[in-house]
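Everything below concerns the one structure shown next.
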Amino acid sequence: MRTLSPYSDTGPLAVLARLSFLVVLTAIVVATLAPGWLVPQLLHSHNLEHFAAFYVATVAALAALPGTPARRIGLAFVMFSLLLQGVQLFREATFQTAMENWVADTGGVLAAIAPVIVERFRQRLRRPAL
């Protein structure tokens, strides 16, 4: 019988990463579609909440989808944010508010992906040990 390492595709950490990713995505969709009075303000700034939500979601996606390129994950989240802000435009938001939210969302995505891209760049430039 083969034992699973904690880092295999079916190991506990991989399953936890996928569950976390689904929970975060669900929370973002619910927070977007729920009435404003129902969603508590967790941080002092509304834009900071958007930044943090998409930062956490992107990190969760990077952990849950290790075979997917980071740039593809980033682009998917930027488009997902654009879709959600489009929904908000039809509900109650002004164009200015939707744009500010989208910029904050995109900032969170970029902040999460930047260290991954920089590390990959560093590994490509790493010289072999003598």
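Taking hydrophobic clusters as Ile, Leu, Val, Met, Phe, Trp and Tyr residues chained together by side-chain heavy-atom distances below 4.5 Å, V116 does not share a cluster with L125. Hydrophobic clustering, with ILVMFWY side chains joined whenever heavy atoms are under 4.5 angstrom apart, keeps V23 apart from V29. The hydrophobic cluster containing F90 does not contain M99, counting ILVMFWY residues as joined when their side-chain heavy atoms lie under 4.5 angstrom apart, directly or transitively. Linking ILVMFWY side-chain heavy atoms closer than 4.5 Å, directly or via other members, places F95 and V78 in a single hydrophobic cluster. Side-chain heavy atoms closer than 4.5 Å link hydrophobic residues (I, L, V, M, F, W, Y) into clusters, and following such links, even through other members, never connects L83 to M79.
Using a 4.5 Å heavy-atom threshold, the side chains of V109 and I113 count as touching. With a 4.5 Å cut-off on side-chain heavy atoms, F54 and T106 do not count as touching. The side-chain heavy atoms of L75 and R71, taken from C-beta on, include no pair separated by under 4.5 Å. At least one side-chain heavy atom of H50 sits less than 4.5 Å from a side-chain heavy atom of Q85. Between W102 and L82, some side-chain heavy-atom pair lies under the 4.5 Å cut-off.
Q96 CD to N101 CG: the interatomic distance, rounded to the nearest 0.5 Å, is 10.0 Å. Between the CG atom in L33 and the CG atom in L84 there is a gap of 7.5 Å [rounded to 0.5 Å]. To the nearest 0.5 Å, atoms OG1 (T97) and CG (L89) are separated by 9.0 Å.
Contact detail for V59 and A112: the closest heavy-atom pair is CG2-CB, 3.8 Å. Across F51 and A111, no two heavy atoms sit closer than the pair CZ-CB, 3.6 Å.
More than 12 heavy atoms of other shown residues, nucleotides or ligands fall within 6.0 angstrom of atom CZ in R91.
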Under 3.5 Å, which donor-acceptor pairs link side chains of residues 12-22 to any protein atom two or more places apart or in another chain?
| unit_1 | atom_1 | unit_2 | atom_2 | d |
| --- | --- | --- | --- | --- |
| R18 | NH1 | D9 | O | 2.8 |
| R18 | NH2 | D9 | O | 3.3 |
| S20 | OG | L16 | O | 2.8 |

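Checked by atom type and distance alone, the side chain of T32 pairs as donor or acceptor with a backbone atom of I28 at under 3.5 Å.
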(request) Carefully, step by step, assess L25 and F80 under the rule side chain to side chain contact (heavy atoms under 4.5 Å, CB included). (result) CA-CA 10 Å; L25 275 184; F80 177 60; 3.9 Å; yes

